[in-house]
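Residues take their numbers from the sequence shown, with the count starting at 1.
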Amino acid sequence: MLANQNSKKPSDHFELLYKTLLDSIPSSVLMIDDKLNVISVNQNYLVKSRRSKENTINCPLSDVFPSVILENTGFDNHIRSVLRIRKAIRGQKMTYRGPGVPIRIYYYSILPVVPGQVMLIMEDVTEQTNLSEDVRRVERHLASVVESASDIVLSIDMNGRILTWNSAAADLSGLSSDEVQSQLFHEYCEPGKKTIIEESLLYISGLRRANDSYTIEFCLLTPTNNNNTGILISWVFSPMKDIDGATIGAVIVGRDLAERRKLELQLRQSQKLGALGIMAGGIAHEIRNPLAVCSSAAQFLLSDGVDLEFRKQCSMKIQTNINKASTIIENLMAFAGSSMDGNMTDIVLSEALEGTIALVANQAKVQKIKIELMQSPEIILVSGVVGLLQQVFMNILLNAFKAMPSGGSVSVTIECLSDSVEVQFIDTGIGIPVGDIDKIFDPFHTSSPTGQGTGLGLSICYRIIQQHLGSIRAESSPGKGASIIINLPLLLI
């Protein structure tokens, strides 16, 4: 047997090698002579075409390929041309749909080999073409989503240069995509934001998950803006990652806050009016009492025969009760007329709380609710707008009242931490359901019966505390009351 193997001619080895190489090629390969007969074919073609060697080799091209292909593509004429001028034809596209089978797409090349013979190489690219079309379809869909978004959507590289800029960004800024392409993003932001953007990129580069983000607010400048204030935008930076998961830039979504701020102001005023309506009876009661004392004291002063000491006592009562009424009115005016547009001032936190408690004292009395303010003896200062903070305190107290329809108590505690102060409102009400504890600060979330609450009170409180650079959270056990905890930056004396 070994002798037989050694006796094989070199040409036999070459033919075996040639056949092995042809069969290993993932494309279909056919050898065709000058009479357009198939003289050799590889295994890939036989499998793809579902033909056997016997009914393929030495058969005319017209028997091997469906006539529809030859008629519509001029396939045979291309082969004759290569046979005649011996110049290869490469990368031609051919589409074929057989009876009952899906459409197939091929790319073919015709190469001259030896005189009178050409090699036909066909590659089935149907799957790749379909995949490419699917990718293009997804890309078109994503592009359509981004372009249809009413929010600004843009992307930047790790150097802060703009890569993409959607239609909403162009409409709001007045700058087209071509104008901002490859420009530094911070050049279109209010002065001094270069460092903020660099810090944002540094922050998101350390995020492991693509759905983590970094949120910040600053103004976008526009060509028509002359005072460098721009349009206030809430920006969300999210990491843009490559196929290996490395951060290569940021996707930034921006929302114009002008309309939201206007809506928030309207809702804030609505909340104030609602709170004022509840307080009206209590305020009337609180003012009537000092007025009644003043009236009685004034009548004594008008009487004859009143000694000097008694006159002094009457005068002091009048002065004391006038001051009391004046304080109530001042608290009410501060609450009703407050706005974040006003200047931030130093606020004695205990006084702001006392003023708020005084405004709801009568309502608490009617509902048999005891309010206890516990504080440390030292003066605690915070920076803010007193009326807005009182609005937050008022809303929390009124919510606590609703949770105690049969009466109860609310304890308000003030505790100094290292660089902040914590205010806790702890009630003995029905508590907050477990499923709602993370939603109570969301806009329009309410547990009140339909028509009895907007679900905006606590979301406005959340916003006000954010504007004061603080935080607010809730803790509760159903049936055992709830705690609302506010943390504000402490002003050191």
Where Ser150 and Ala168 come nearest, the two heavy atoms and their spacing
O-CB, 3.7 Å
List for me each residue that meets salt bridge (Lys or Arg N to Asp or Glu O under 4.0 Å) alongside Lys48, sequence neighbours excluded, and say none if there are none.
Asp124
What's the shortest heavy-atom distance between Gly407 and Ile369, and which atoms?
CA-CG1, 4.1 Å
Contact check, side chains of Ile380 and Val348, non-hydrogen atoms, under 4.5 Å:
no
Would you indicate whether the side-chain heavy atoms of Val385 and His468 approach each other to under 4.5 Å?
yes
So, taking the atom named CD1 in Ile486 and the one named OH in Tyr462, what distance separates them when rounded to the nearest 0.5 Å?
13.0 Å
Going by the rule side-chain hydrogen bond (donor to acceptor under 3.5 Å, both in side chains), which residues pair with Gln181 if we only count those two or more places apart in sequence or in a different chain?
none
Between Asn44 (side chain) and Pro26 (backbone), is there a donor-acceptor pair under 3.5 Å?
yes
Any pair counted as side-chain hydrogen bond (donor to acceptor under 3.5 Å, both in side chains), so long as it reaches residues 153-169, sequence neighbours left out
Glu147-Ser167, Ser155-Thr164
Rounded to the nearest 0.5 angstrom, the CG-CG distance for Asn399 and Leu397 is 9.5 Å
Beyond-backbone contact of Leu353 with Phe425, side-chain heavy atoms, under 4.5 angstrom:
yes
Residue pair Ser476 / Gly481: nearest heavy atoms and the distance that separates them:
OG-O, 3.0 Å
Looking only at heavy atoms, the pair that brings Leu488 and Gly470 closest together is CD2-CA, 4.3 Å
Would you give the length of the straight line joining atom CG of Leu184 to atom NZ of Lys194, rounded to the nearest 0.5 angstrom?
7.5 Å
Carefully, step by step, assess Tyr45 and Val47 under the rule side chain to side chain contact (heavy atoms under 4.5 Å, CB included).
CA-CA 5 Å; Tyr45 177 78; Val47 172; over 6 Å; no
Report the residues that fulfil salt bridge (Lys or Arg N to Asp or Glu O under 4.0 Å) with Asp171, sequence neighbours left out, ordered by chain and then residue number.
none
With a 3.5 Å distance limit and no angle check, can you tell me whether Thr247 reaches the backbone of Gly249 through a side-chain donor-acceptor pair?
no
Would you name the heavy atoms of Leu490 and Leu417 that are closest together and state the gap between them?
CD2-O, 4.3 Å
CG of Asp256 to CD1 of Ile152, rounded to nearest 0.5 Å, is 7.5 Å
With sequence neighbours left out, the residues meeting side-chain contact (heavy atoms from CB on, under 4.5 Å) with Ala250 are Ile156, Leu201, Ile204, Phe237, Ile252
Just so I know, are the side chains of Ile121 and Leu30 near enough to count as touching, which here means a heavy-atom distance under 4.5 Å?
no
Is there a donor-acceptor contact under 3.5 Å from the side chain of Glu179 to the main chain of Ser176?
yes
Show your reasoning for whether side chain to side chain contact (heavy atoms under 4.5 Å, CB included) applies to Glu475 and Ile485.
CA-CA 8 Å; Glu475 296 176 357; Ile485 300 104; 3.8 Å; yes
Could you walk me through whether Glu123 and Tyr108 satisfy the side chain to side chain contact (heavy atoms under 4.5 Å, CB included) test, starting with their C-alpha distance in whole Å, then the side-chain angles of each, then the deciding distance to 0.1 Å, before giving a yes or no?
CA-CA 6 Å; Glu123 184 176 1; Tyr108 68 88; over 6 Å; no
If I take atom OG from residue Ser383 and atom CG from residue Leu491, how far apart are they, to the nearest 0.5 angstrom?
5.5 Å
Mind checking the CD-CD1 spacing from Gln424 to Ile484? Nearest 0.5 Å is all I need.
10.5 Å
Could you name each residue pair satisfying side-chain hydrogen bond (donor to acceptor under 3.5 Å, both in side chains) that touches residues 403-420, not counting sequence neighbours?
Ser420-Asn487
Got Gln363 and Phe401 here, is their nearest side-chain heavy-atom distance under 4.5 Å?
yes
Would the distance check show the side chain of Asp427 and the main-chain N or O of Gly429 forming a donor-acceptor pair, the cut-off being under 3.5 Å?
yes
Validation row: Glu217, Ile233 side chains within 4.5 angstrom (heavy atoms)
no
Start with the C-alpha distance between Trp235 and Val253, add both sets of side-chain angles, then the distance that settles side chain to side chain contact (heavy atoms under 4.5 Å, CB included), and finish with yes or no.
CA-CA 6 Å; Trp235 303 99; Val253 178; over 6 Å; no
Could you tell me if the side chain of His186 sits less than 4.5 Å from the side chain of Ile196, heavy atoms only?
no
Taking the side chain as everything from C-beta on, heavy atoms only, tell me whether Val410 gets closer than 4.5 Å to Glu372.
no
Within the distance-only criterion (no hydrogens, no angle test), does the side chain of Gln390 pair as donor or acceptor with the backbone N or O of Ala352 below 3.5 angstrom?
yes
Give a yes or no answer on whether the side chain of Asn42 reaches the backbone of Ser27 with a donor-acceptor pair at less than 3.5 Å.
yes
Gly254 and Asp151: which non-hydrogen atoms are nearest, and at how many Å?
O-CB, 3.4 Å
